[in-house]
Amino acid sequence: MSGPMALEPDASGPDTLALRLARKAPRPHRTDDSTLALRLPGHGPDDDQVDRLAAVLADRVGPAVHPYEVAALLEAEGLSTDVVRRRYGHPNLFSLATALYERVPRSFPEPARAADPWRPDHVRCLLRGVLFALPGLAYLLAAPLWHAEEHAPALVVALIVSWSWGQAVGHRAQLRKAAAPREAGRTLLVGAPLGAVTATAAAVPFSGTGQVLWVVAAQSAYLAAAGVLLVLARERWLLAALTPLVAGAAVLPWWEPGPLLRAGLPLLALLTTLTATARAVRVLLAAPAAAHGPRPALTASLPYALFGLAAAVLVLLEGRRHPYAVIVLTVSMGPAEWLLYRYRGWSLAALRRTATPAAFLLRSVGVLGLCLSAYLLPLLPAALLTGADPTELLLLAATLWTALLLQAFGVAWPPAVVCLLAAGCAGAVTLLRLPPGPAVLAPCCAAAALCLSGYVLWRLGRPAPHL
């Protein structure tokens, strides 16, 4: 222990003069020669003067592991050889240091345990998972007003483009948010609307009627605005903006709201979301201008856009056969994000407990297995309840989570390439109706999850990424 209790004598040990004085003498943080002269008046016996000095410096002499450390302390205090000889009767500084080292018991305070820097915000992670799923209520409300199933290709194309574009814009804004908030605001101010326009334009060949195009434009605008709020950690604002959808969907089992409310509630939620987004971006733009540093290259966000494209294709291929599986995956993104933080915290704890790279690699295998199990096991009953293929859903979820884990450590290209290959293989077989038929997604995701898990252990199973 350190502090005043460091020199308390053991109940069974000798009560030396130094210990008795240590309990009485004050302990300044720093002492110079003049202070010692005031604290230790007179020229008593040498041993008495050394005992008094030991009492004064006990809290700093106790942790020393060698007399040389005490000598360095005395030298830092300004004790000259003349003072050592005249006042303490020792021939030199090292002799006095040895005497002090022998008088003061060793006291090695336990280092304070550092707080986990990766402790997740539980409420925020849970809320994000809910927010990813709530926009689906808009389709539930508005579906009777138009033949949604006939115009699904337009919505799917716009959704894929929005997902890919949003990943890239979000990454670019995150790169600039900490150092240059105003620049991050400009990135979102330009990138989000441009993404909405691009997604809407991509769906024009598949939209057919003008009514469908308006629905696609509303979907693209919402995804762009919601992406901005999530990047800026404004989850509660987005939840408040979606309140009309929640209220409208809640009364559907007991009351038919009519066409006006079925169209008006999603429109009100969209307008509220856009208003909240504009306010959040305005706050960023009002931040003081930061020093102009090098702008991140556009290619730095390219792998994130490609991963968003691949992830959207994989999820929509799963939703093509099992629509409710998409809801399960969407809601699971909240726990998935929580486990990303837990992986980093548990890996850091494992690093503190291991002494060799091999031991840390072994613990890394356990941490990865624990996180994947905690993420995938709750999905199993959800898959059975929704009628989805459990194997296919779990393999897809494992692929997405390991890819997000690598991205959390700044490793972007490998997960993007692996997920693109899996999406390309599954998409080509599905479109061309080649063997092995509808079960193609499972083997593609199995290969992707295996590759990504191996790469995680190879890349993150070393101490360096966690330091």
How many angstroms lie between [atom1] in [X] and [atom2] in [Y], if you round to the nearest 0.5 Å?
X	Y	atom1	atom2	value
Leu377	Leu379	CG	CG	8.5 Å
Asp389	Glu318	CG	CD	7.5 Å
Met333	Leu404	CE	CG	6.5 Å
Thr200	Trp214	OG1	CH2	10.0 Å
Leu232	Leu238	CG	CG	11.5 Å
Leu441	Leu314	CG	CG	6.0 Å

Is it true that a side-chain atom of [X] and a backbone atom of [Y] form a donor plus acceptor pair closer than 3.5 Å?
X	Y	value
Arg106	Gly62	yes
Arg279	Leu274	no
Arg262	Leu141	yes
Ser347	Arg344	no
Ser164	Val161	no
Tyr304	Gly166	no
Thr299	Leu302	no
Ser207	Val204	yes
Trp401	Leu372	no

Mind checking whether [X] and [Y] have side chains closer than 4.5 Å, heavy atoms only?
X	Y	result
Arg459	Leu405	no
Thr273	Thr277	yes
His171	Gln407	no
Tyr324	Ile327	yes
Leu265	Leu137	no
Leu400	Val315	yes
Glu235	Leu229	no
Phe132	Leu230	yes

Tell me whether the count of non-hydrogen atoms from other residues, nucleotides or ligands lying under 6.0 Å of CZ in Arg124 goes above 12. yes
If you compare all heavy atoms of [X] against all heavy atoms of [Y], which two are closest, and at what distance to 0.1 Å?
X	Y	value
Thr399	Ala448	CG2-CB, 3.8 Å
Leu452	Pro415	CD2-CA, 3.7 Å
Ala196	Ser220	O-CB, 3.6 Å
Tyr222	Leu242	OH-CD1, 3.5 Å
Pro244	Leu268	CG-CD2, 3.8 Å
Arg234	Ala280	CG-CB, 4.3 Å

Yes or no on side-chain contact (heavy atoms from CB on, under 4.5 Å) for Leu316 and Trp163, after CA distance, side-chain angles and deciding distance? CA-CA 12 Å; Leu316 291 174; Trp163 201 337; 5.7 Å; no
Working note: Trp338 + Leu126, criterion side-chain contact (heavy atoms from CB on, under 4.5 Å); need CA distance, chi angles, decisive distance, verdict. CA-CA 8 Å; Trp338 185 86; Leu126 179 63; over 6 Å; no
Report the C-alpha distance between Phe409 and His466 in whole Å, list the side-chain angles of each, state the deciding distance to 0.1 Å, and finish with yes or no for ring pair (Phe, Tyr, Trp, His ring centres under 6.0 Å). CA-CA 9 Å; Phe409 281 85; His466 306 277; 5.4 Å; yes
Go through the steps for Leu189 and Val228 under the test side-chain contact (heavy atoms from CB on, under 4.5 Å), then give the verdict. CA-CA 9 Å; Leu189 181 63; Val228 172; over 6 Å; no
Would you check, one step at a time, whether the test side-chain contact (heavy atoms from CB on, under 4.5 Å) holds for Leu134 with Val246? CA-CA 8 Å; Leu134 281 182; Val246 178; 4.1 Å; yes
Whether Trp118 and Tyr341 hold their rings parallel, tilted or perpendicular, with breakpoints at 30° and 60°: tilted
Can you confirm if the NZ or CZ of Arg353 lies within 45° of the ring axis of Phe360 and under 6.0 Å from the centre of its six-membered ring? no
From the list Arg172, Lys177, Arg176, salt bridge (charged side-chain N to carboxylate O under 4.0 Å, His left out) partner of Glu183 resolves to Arg176
